[in-house]
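Here's the structure, in structure tokens; my notes come after.
Below, chains carry the letters A, B, ... as their sequence lines are ordered, and counting in each starts from 1.
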Amino acid sequence: METKYLFLLILMPIILVGLIIYVDYYPIITGAVTAKPEENNIIGAYSISPSFKINADYNLQGYNAIKEKLDNVIDYCKNSEDMGQCFKDESKKRKWDCNELKDEAIDILHDFAEKFKECVNLEEDGVVCRFNFDDREIINRPIKIFDILLKNEASKIKAELREGANTLASAYIDSGNLVYTDFDNKNTASKNLNSVRIMMDYSLKKPVIKDIFGIDDKSSRIPLSKTLLLYKKNNIVKFVEYPGSSFEAPIPANKVIDLPRITGFKFCVKNDNDKQVYAYDADDKTVKLRDIVYKFAVKFPNAVVPPPVKSLKAEDKLKAEKSIVLKWNKAKWDDGTDISDFDHYNIYCSKNQLQDDSTKEINLDNIKPTMAVKSSTNKNYDMWAADINKCEKDEIQDGFDYYFTVTSVTTAKKESKPLIIATAKSLDDLAPGIQKIVLINSDGLNERKLSSACVVLPKTSVSGVPGNIWAGFFAPEKNEDEITDIPQDEKLDYYLHFFKQGTLAAKLDDCKSLECVKLGYAPKDNPRGIQQELDLRTFNKFREIEKTGNFFEEGQNYCFTIIAKDKNNNIIKNLNIPYKFDKPQQWIDLENQPVAKGFLNEKGEIGYS
Amino acid sequence: MIKNKKGIGLEWYLLIVAFFLGLGFYFVNYFGQHKVIENYIGYYQLSALKAANKAESALFYIDQSAKYSLSQSIYELAQNGGIYEIDADEILTQEPTQTATTSDGKCGSYYGYNVWYELKKDKSGNYIKNSCFDDGDIKLNLEFLLNKNLNQYLLQYPYNLPVDNYVYEIKNNLEIIGRAIEPLKFDILKDETKSIAKEITKTKDGSIDFSGTELCAKGVKCLLNTDAYQQLADAEKRAEENGFFLEVYSAYRSKQNQIDIWEGKTSSQYKQRYPNENIRRKYVCYPYGNDVEKRCPHLTGKAIDVRLKGKSMIQKDWQLLKDIMATRDKATSSITWVKYSQEPWHFECCGTDRFNLAKAKGVTEIA
């Protein structure tokens, strides 16, 4: 055989295989007729591969480009105080805004659907999901009565927002069918409902749930819990029957998960090259050339205004000067739940009334917080207390009325409205502290002790000089709390009590008896020696003691106690040796719930001590 | 004149063999039975050409449909922010023992807009940025949408075009190749004037194939076990007595088919969309293991997803369907079909685990 034939023979299978691969790779139309044994009216079949190839002048990379830009926007906005506003501004700047007509009422429906879904998708099981609509305000809408009607549709729940007979909007929730339970059988009971109706009324701008009821298979009306409670067990979410269950009260036996309103921002980004495509849209039910608009959203932490502090008490700080103690219960939502993103409380103080005369509302327009208070232990105390020494920039002064209000602040720096004012006056009820007493007798013995000391009165000497005790003292440096200093210029009175050892002294704050001497001057302690500075008083057998007719007896031990009294007549009444300050209960309360105090700097940042 | 002493060429031998073969065929035909052609010469060829024309029309329709579907899909995908979650109604591959959900466990939506990022604060108050949108899913989502939209077009075509019949290949800027899994088949008819109704056929393994019949939804392959088909036919009679018609849109699925779906070898591309098996199990029945038929009753050929033809299937329609399907036979008072309580469209019969359990309890609906 000639070489060319051999070559052709070898080439044939190669061409065949190549053709098969080509046909397989490129979907060209290939038809084939096959004959069939005659059966009925069919004598054969024509088979063809319906593969296709289509092109569009469009690039999927557009998504990546937008995502990168969005990354930048988020990085920029995450440091702003109001993230929502920042997104709004950036969206406007980049022409990314959605320009949708907004109806707050329709958002209520979405709120409900989203929260329901959130409950369905919770990882926890055997929990109660609780939510309300209080965090949404309705503005500029004439009709304020709505229903949310829930119906079963196959394995979904269809939620419709209705205004009278009109359906304003609808949303679907994938959660099986509508069921309810009662508290006692919450784990096992799942009774079917055909529909659920949630009736809402916008009283005072906020939506209030007027009634919730379900309709069962027998068309009976089942009243459901007015606080929207859903019990989630084994991936089934059940409404809760009302009444007769402790679902209405706090539920210690159940884990309650509050679902706050989700905050986020919607973006609508038009395709860069203004590419349009023919498409159908259910909104206008037509097919026409349409812009390609990328629609997406970003969720961020809830920045709702936290609930206000509803109880506040101000009182003078006991055993203290120039300070006032504020006490308040922690701020909570109406249903008793804590603020999930609580950060601190702001304390406002003024020497003037905080209420506006005409509106009677608290006006903090021109007042900055005097102090920020947060827990030192990371616990959100039920009862908070803080002692206040400053009012705005000045120190608190004794004897003046001060007005206070407290607000709650979240981590998103959202601050509650001030709701309540408390007023108090600081009083000086702090006595001067203990001081040193010095006793010297004529035998040369000397005692130098705190507050109280005893020494023997020596006998008359051979030369007939009677034995003497000289008593002197130093001025106290600290007040009775052993913390605060006594100002240098403060004039104090001193009571020097004396008595035979083993006998009780008279009342310390009374110096009318013969056993007490009022003294008016006391030197400060100094290292140069006691002799020079002391205002020494002499006591000997000619001095009466204890009662009229009793005189100092030589050879006996005598005790002397010195105590100071300030200008407000504050004096230590019960002196224990060794001295120990008895803290008032108010102080103990403050110590049990320690707080960190923060002060605003010029930039408005809080620096905590 | 032969000059080459080595002998004649190979082609001459082949020619001689071909000559004798041809002679043999001639004699066999000449002495054999002669077919009498009832119609004019070229009639069958014309029928074949007509079938080819039908196929060409269908191909043209598919081409145009694919173009429109792509435009629509590009628009819809952008409207959805590049994310497309499979809706519970769209899941035909899932089995009733699992719970369907549209949530993918990421960030969900915000007032109808899919969330790309979710910001959260950590304990120290710093923001953590959680990305909820994977760029890599865009192609998959576009494919899924394209397939869904294309199916809508295919169902509108007068002829029964199979749905979910493509594996897609997407190239950037933007070229899509839709490779057909099954070919289109057009019957070549002996007599064009006699249109024949599609009849049920028995497959090699004994199943009943009722695809293309009134009982089976358009574009869907419908096979059932013989007993199950008989029960279905009885149910259809009951439906017709009440003025309704049944329409089965999911019946028997082979184990291999289920494996293909699980492994992402179909247009739904479940494996690519949900690489995490636990999440994928929400959407697709897990096809491996000894208890696969228990978990995936569609593999038994004794389970169907059915609806009432032409009905919007609101609550009362589902109740009606249940009354027709899941009842007791008048003659034997035995249970016909058992309804799966979580999915009003799913019914089983003829000895599936769920059916036996319901039978033992004496109920026609079971979880």
With a 4.5 Å limit on heavy-atom distance, are the side chains of B:Trp116 and A:Tyr63 in contact? yes
Ring centroid separation B:Tyr127 to A:Phe300 under 6.0 Å: no
Are B:Lys129 and A:Asp75 side-chain neighbours, meaning at least one heavy-atom pair lies under 4.5 Å? yes
Where do B:Glu182 and A:Pro50 come nearest, in terms of heavy atoms and distance? O-CD, 3.6 Å
Would A:Lys266 count as a cation-pi partner of B:Tyr113, with NZ or CZ less than 6.0 Å from the six-membered ring centre and within 45° of the ring normal? yes
Backbone N/O of B:Leu184 and side chain of A:Tyr46: donor-acceptor pair under 3.5 Å: no
For the backbone of B:Ala180 and the side chain of A:Ser51, can you confirm whether one donor and one acceptor N or O come within less than 3.5 Å of each other? yes
Are the side chain of B:Tyr110 and the backbone of A:Ala297 linked by a donor-acceptor contact shorter than 3.5 Å? no
Heavy-atom donor-acceptor pair, B:Glu175 side chain to A:Lys53 backbone, under 3.5 Å: no
From A:Leu289 atom CG to B:Tyr75 atom OH, the distance as rounded to the nearest 0.5 Å: 11.5 Å
Taken to the nearest 0.5 Å, the spacing of A:Phe296 CZ from B:Asn80 CG works out to 13.0 Å
Shorter than 4.5 Å, heavy atoms on both sides: which option in A:Phe265, A:Tyr294, A:Tyr172 has the most such pairs with chain B? A:Tyr294
Compare all side-chain heavy atoms of B:Cys132 with those of A:Lys299 and state whether any distance is below 4.5 angstrom. no
